[in-house]
Chemist: 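Next up is a structure, given as structure tokens.
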Amino acid sequence: MKENTTQLYLVPTPIGNLDDFTFRAVKILNSVDVILAEDTRTSGKLLKHYDISKPLQSYHIFNEHKTVDQLVKRLNNGEVMALITDAGTPSISDPGFLLVRECLKAEIELECLPGATAFVPALVKSGLPSDKFVFEGFLPHKKGRKTRLEFLATESRTIILYESPHRLLKTLDQLAEHMGEERQASVSRELTKLHEETANGSLAELKTHFSQKPVKGEIVIIIDGKP
């Protein structure tokens, strides 16, 4: 049996329901020297739930460029680390890509565990084609937003977007403007949580639906491709 030489583990965390953590993820986090966490307070709740007591170090979008070289050096010196984010899989609209790239350059062994990511259940339960799709993550807030929307309006594959609750109505309005109000779509929020909701319909219908009540929770928007 090959000796395990992994120095960095990328560990997906639950997107809402803490019971969605895997046995292997718990085992890995209990075995490493340090856990890199996007928000140590959020991650602390997960670790406490599973009785994991390991040193936590903050690693997020605002400090990753400053800390990546030092982390690679520590990994090269023999430390074993795990990277987790607040929810979901590292590097999917979350920190992770930069550290992975630099570790590969330094020939550091790494491994990514399979696990939670919000767009998969949202896509599967949308009822829209899932054989071919494009994941866009978050749209640009300002510069390049209009250009991106114009480009996506011609996309024939199913389109997946992430959005924050306070931008949802604006985004639905802009999608309808560029793709037509009758384009079919699905909006999922609070996935795996107590108040999980998925609404399906045309962009116009979804806009009406979500304008009638306050919107909470992280949002996944699934949009039918152009016929």
Side-chain angles (χ1 to χ4, degrees), residues 12-21 38-39 41-46 49 60-61 84-89 92-95 115-130 133-153 155 157-227:
T13 55
I15 59 174
N17 192 321
L18 294 183
D19 289 342
D20 290 333
F21 216 28
E38 186 179 7
D39 186 325
R41 294 166 300 180
T42 301
S43 298
K45 297 174 184 177
L46 174 68
H49 184 79
H60 48 72
I61 192 172
I84 61 176
T85 60
D86 290 348
T89 300
I92 304 297
S93 292
D94 274 323
T117 188
F119 75 77
V120 173
L123 172 63
V124 171
K125 69 189 297 191
S126 72
L128 296 172
S130 57
F133 57 88
V134 54
F135 174 66
E136 284 286 316
F138 289 93
L139 289 171
H141 288 176
K142 294 180 181 179
K143 186 178 180 181
R145 187 179 179 90
K146 183 174 182 292
T147 301
R148 201 67 198 158
L149 285 164
E150 290 172 349
F151 175 80
L152 290 175
E155 174 60 64
R157 295 167 293 182
T158 301
I159 303 160
I160 303 171
L161 303 175
Y162 283 168
E163 193 50 276
S164 59
H166 69 277
R167 289 181 178 271
L168 176 61
L169 290 177
K170 176 184 176 182
T171 297
L172 289 174
D173 191 54
Q174 291 176 330
L175 289 170
E177 178 186 345
H178 287 84
M179 301 180 181
E181 291 195 333
E182 295 309 308
R183 182 76 71 94
Q184 294 299 297
S186 176
V187 175
S188 291
R189 66 179 190 88
E190 296 281 78
L191 283 165
T192 77
K193 299 180 183 178
L194 180 63
H195 300 293
E196 176 177 335
E197 176 188 16
T198 294
N200 303 315
S202 68
L203 289 169
E205 290 169 337
L206 291 171
K207 197 167 51 170
T208 299
H209 174 78
F210 286 104
S211 65
Q212 296 174 348
K213 58 181 179 180
V215 181
K216 297 180 180 180
E218 294 302 311
I219 307 291
V220 186
I221 306 174
I222 314 290
I223 310 148
D224 199 9
K226 183 178 181 181

Chemist: Taking the side chain as C-beta and beyond, is there a heavy-atom pair between Glu38 and Pro95 under 4.5 Å?
Modeler: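 Glu38 vs Pro95: side chains touch.
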Chemist: Could you walk me through whether Phe21 and His49 pass side-chain contact (heavy atoms from CB on, under 4.5 Å), step by step?
Modeler: CA-CA 11 Å; Phe21 216 28; His49 184 79; over 6 Å; no
Chemist: Give me each pair satisfying salt bridge (Lys or Arg N to Asp or Glu O under 4.0 Å) with a member in residues 167-181, each pair once, sequence neighbours excluded.
Modeler: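 Residue pairs with at least one partner in residues 167-181: Asp173-Lys207, Glu181-Lys207.
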Chemist: Considering only heavy atoms from C-beta outward, does the side chain of Leu149 approach that of Leu139 to under 4.5 Å?
Modeler: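 They are in contact (side-chain heavy atoms under 4.5 Å apart), so the answer is yes.
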Chemist: Would you say that Ser202 contacts Arg183 through its side chain, given a criterion of any heavy-atom pair below 4.5 Å between the two side chains?
Modeler: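 A side-chain contact under 4.5 Å is absent here.
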Chemist: Is there side-chain contact between Leu168 and Ile221, with heavy atoms separated by less than 4.5 Å?
Modeler: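 Heavy-atom side-chain distance check passes, below 4.5 Å.
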Chemist: Does any pair with a residue in residues 117-130 pass side chain to side chain donor-acceptor pair (under 3.5 Å), and if so which ones, sequence neighbours excluded?
Modeler: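 Checked against side chain to side chain donor-acceptor pair (under 3.5 Å) - neighbours excluded - the pairs reaching residues 117-130 are Lys125-Glu196, Lys125-Thr198.
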Chemist: Using the side-chain contact (heavy atoms from CB on, under 4.5 Å) rule, take Glu197 and His209 through it: C-alpha gap first, then chi angles, then the decisive distance, then the call.
Modeler: CA-CA 12 Å; Glu197 176 188 16; His209 174 78; 2.7 Å; yes
Chemist: To the closest 0.5 Å, what do you measure between OG1 (Thr208) and CG (Leu203)?
Modeler: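 Nearest 0.5 Å value for the OG1-CG distance: 11.0 Å.
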Chemist: Can you name the one residue among Val187, Leu161, Leu172, Thr158 that meets side chain to side chain contact (heavy atoms under 4.5 Å, CB included) with Ile223?
Modeler: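 It is Leu161, the one option of Val187, Leu161, Leu172, Thr158 that forms the side chain to side chain contact (heavy atoms under 4.5 Å, CB included) with Ile223.
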Chemist: Within a 6.0 Å radius of atom CZ on Phe133, are there more than 12 heavy atoms belonging to other residues, nucleotides or ligands?
Modeler: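 Not buried by this count: 12 neighbours or fewer within 6.0 Å.
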Chemist: Step by step, work out the side-chain contact (heavy atoms from CB on, under 4.5 Å) result for Arg148 and Glu136.
Modeler: CA-CA 10 Å; Arg148 201 67 198 158; Glu136 284 286 316; 2.9 Å; yes
Chemist: Taking only residues two or more places apart in sequence, or in another chain, which ones meet Phe135 in a ring pair (Phe, Tyr, Trp, His ring centres under 6.0 Å)?
Modeler: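 With neighbours one apart ignored, the set is Phe119, Tyr162.
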